[in-house]
Amino acid sequence: MPAIESDGGHVRLRLDISYDGTEFAGWAPQAGQRTVAGVIEETLSTVFREPVRLVTAGRTDTGVHATGQVAHVDVPSAALGFAYPRTRRDGDPEFLPLVRRLARFLPADVRVRQIVRAAPGFDARFSALRRHYEYRLSLAPYGVEPQQTRFITPWSRPLDLDAMTAASQELLGLQDFAAFCRFREGATTIRDLQRLEWQRSGDLVTAYVTADAFCWNMVRSLVGALLTVGVGRREPGWIAGLLAADSRSSEYTAAPARGLTLVSVDYPPDDQLASRINVTRDLRTLD
């Protein structure tokens with residue numbers, strides 16, 4: 001059994017999570033909807049015999065997948081003992097028995113891959129430096145292999161990747177991405193887009209997208225706008241004009257959710273976690 005805190009407080013745990021988002025209505029709990037956080041919170045609450053709430057690095061939309069999602073949960077110290085079987089294998093990391101237990105209880109389309117005690121100052125959302133997404137399309141004439149059909153978007157039209165790359169360069173840096181974000185009351189649309197790169201391997205085209213954070217629907221909107229350039233409906237310079245908009249543009253269609261995966265989240269060294277929270281919470285401007 002793990003060491004239990006003796007001060008009657010809480011222990012913050014970091015969870016590394018993966019899921020197939022096809023049958024989830026996104027990450028965030030919603031009444032009457034099956035969501036990733038809802039399923040995990042329900043299972044953890046059963047295991048710990050206490051209601052718990054997850055805080056995530058990035059709330060993915062309906063149908064979006066993750067191989068590198070990160071969340072934290074604060075668990076009452078006394079509840080940790082309920083999470084473990086009576087015996088623990090010699091040499092097991094502290095929370096490996098809990099990972100094994102969750103593997104039995106969680107549905108097959110969501111996995112908690114690792115659990116560790118969070119470092120002091122760690123916050124899954126506000127300590128994060130950047131998030132990495134990948135968007136995948138298949139240009140194969142037959143579409144997508146059956147084993148990958150839930151994770152790759154079939155695309156039947158030729159794409160000019162050079163034009164898409166040129167347009168992508170216009171979007172890099174600290175920008176107001178209001179034209180690429182669904183409205184959310186009180187949320188900023190200023191983001192630092194650090195990577196937007198396209199690569200092709202055979203019939204597979206992958207967009208690599210990295211930013212300090214993303215607003216609602218942003219990645220799928222970026223990909224959708226760039227596909228509009230790729231099929232020749234718009235010139236690469238059209239993208240720069242969209243950045244002047246103060247609300248989401250209707251000049252393109254967001255790419256389907258199934259091709260999008262959150263692959264990883266970066267954090268600073270442990271001694272910089274708390275200070276990173278202050279930076280993230282600051283209201284950003286372009287001035």
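Along the sequence shown, residues are numbered consecutively beginning with 1. None of these values were measured; they are calculated from a predicted model.
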Arg117 and Glu94 ion-paired at < 4.0 Å
yes
In plain terms, say whether Arg150 and Glu23 are close enough for a salt bridge, that is, a side-chain N and a carboxylate O under 4.0 Å apart.
yes
Centroid-to-centroid, Tyr208 to His132, below 6.0 Å?
no
Would you say that Leu80 contacts Phe95 through its side chain, given a criterion of any heavy-atom pair below 4.5 Å between the two side chains?
yes
For side chain to side chain contact (heavy atoms under 4.5 Å, CB included), just list the numbers for Val64 and Leu262, CA-CA rounded to whole Å, side-chain angles, deciding distance to a tenth of an Å, and then say yes or no.
CA-CA 8 Å; Val64 176; Leu262 172 62; 5.7 Å; no
Answer yes or no: is there an ion pair linking Asp74 with Arg12, defined by an N-O contact shorter than 4.0 Å?
yes
Using 4.0 Å as the upper bound for N to carboxylate O, is an ion pair formed by Asp212 and Arg130?
no
Whether Asp20 and Arg111 form a salt bridge (side-chain N of Lys/Arg under 4.0 Å from carboxylate O of Asp/Glu) is what I want to check.
no
Using side chain to side chain contact (heavy atoms under 4.5 Å, CB included), reason through Ile40 and Val36 one step at a time and then give a plain yes or no.
CA-CA 6 Å; Ile40 299 175; Val36 181; 3.9 Å; yes
Could you walk me through whether Phe151 and His65 pass ring pair (Phe, Tyr, Trp, His ring centres under 6.0 Å), step by step?
CA-CA 8 Å; Phe151 310 105; His65 318 292; 4.7 Å; yes
Between Val231 and Leu139, is there a shared hydrophobic cluster once you connect ILVMFWY residues whose side-chain heavy atoms come closer than 4.5 Å?
yes
Search all heavy atoms of Arg248 against all heavy atoms of Cys181 and return the closest pair with its distance.
CB-O, 3.4 Å
Using the rule that two of Ile, Leu, Val, Met, Phe, Trp, Tyr join whenever any of their side-chain heavy atoms come within less than 4.5 Å, decide whether Leu102 and Leu96 are in one cluster.
yes
Under 6.0 Å from the CD atom of Glu41, do we count more than 12 heavy atoms belonging to anything else shown?
yes
I'd like to check Arg234 versus Ile239 (side-chain heavy atoms, cut-off strictly below 4.5 Å). Are they in contact?
no
What are the two closest non-hydrogen atoms of Pro268 and Arg276, and how far apart are they?
CG-CB, 4.0 Å
Note: Ala28 and Thr35 closest approach over all heavy atoms is O-CG2, 3.0 Å
Donor + acceptor pair across side chains of Tyr135, Thr153 (<3.5 Å):
yes
Could you please spell out the steps behind the side chain to side chain contact (heavy atoms under 4.5 Å, CB included) verdict for Met164 and Leu227?
CA-CA 7 Å; Met164 294 166 69; Leu227 289 172; 3.9 Å; yes
Heavy atoms, side chains only, cut-off 4.5 Å: are Arg136 and Leu204 in contact?
yes
Quick check: do Trp216 and Asp61 have side-chain heavy atoms less than 4.5 Å from each other?
yes
Rounding to 0.5 Å, atoms CD1 (Ile152) and CG (Leu137) come to a distance of 9.0 Å
With side chain to side chain contact (heavy atoms under 4.5 Å, CB included) as the test, would you mind laying out the steps for Arg200 and Leu161 before giving the verdict?
CA-CA 9 Å; Arg200 179 170 182 174; Leu161 291 186; 3.7 Å; yes
Are there over 12 heavy-atom neighbours, none belonging to Arg59, within less than 6.0 Å of that residue's CZ?
no
Are the aromatic rings of Phe177 and Phe214 close, with centres under 6.0 Å apart?
no
Just how far is it from atom OG of Ser127 to atom CZ of Arg14, taken to the nearest 0.5 Å?
10.0 Å
With no hydrogens and no angle check, just 3.5 Å: does a side-chain donor-acceptor pair link Thr189 and Asp176?
yes
If you group Ile, Leu, Val, Met, Phe, Trp and Tyr by side-chain heavy-atom gaps below 4.5 Å, do Leu15 and Tyr267 land in one group?
no
How far apart are the closest heavy atoms of Gln33 and Ala25, and which atoms are they?
OE1-CB, 3.5 Å
About how many Å separate CG of Leu260 and CG of Asn217, when rounded to the nearest 0.5 Å?
9.5 Å
Would you give the length of the straight line joining atom CD of Gln272 to atom CD1 of Ile277, rounded to the nearest 0.5 angstrom?
12.5 Å
Should Leu44 and Glu42 count as side-chain neighbours, where that means a heavy-atom distance under 4.5 Å?
no
Here the pair of heavy atoms bringing Phe180 nearest to Ala225 is CE2-CB, 3.8 Å
If you look at every heavy atom in Leu273 and Gly121, which pair is closest and at what distance?
CB-O, 3.6 Å
Hydrogens and angles aside, do Glu251 and Trp238 bring a side-chain donor and acceptor to less than 3.5 Å of each other?
yes
Does Ile190 belong to the same Ile/Leu/Val/Met/Phe/Trp/Tyr cluster as Leu193, with side-chain heavy atoms less than 4.5 Å apart forming each link?
no
Parallel, tilted or perpendicular, as decided by the 30° and 60° cut-offs, for the rings of His72 and Phe122:
perpendicular
Quick check on the hydrophobic clustering: are Phe105 and Phe24 connected, directly or via other members, by side-chain heavy-atom contacts under 4.5 Å?
yes
Pair Thr67-Tyr19, side-chain donor/acceptor within less than 3.5 Å
no
Would you say that Arg191 contacts Met218 through its side chain, given a criterion of any heavy-atom pair below 4.5 Å between the two side chains?
yes
Using the salt bridge (charged side-chain N to carboxylate O under 4.0 Å, His left out) rule, take Arg34 and Asp109 through it: C-alpha gap first, then chi angles, then the decisive distance, then the call.
CA-CA 12 Å; Arg34 183 176 187 261; Asp109 52 359; 2.9 Å; yes
How far does CZ of Arg157 sit from CZ of Arg233, to the nearest 0.5 angstrom?
7.5 Å
About how many Å separate CG of Leu54 and CD of Gln69, when rounded to the nearest 0.5 Å?
9.5 Å
Say whether Ser168 and Trp198, considering side chains only, have a donor N or O and an acceptor N or O under 3.5 Å apart.
yes
Given side chains that start at C-beta, do those of Asp270 and Pro120 come closer than 4.5 Å, heavy atoms only?
no
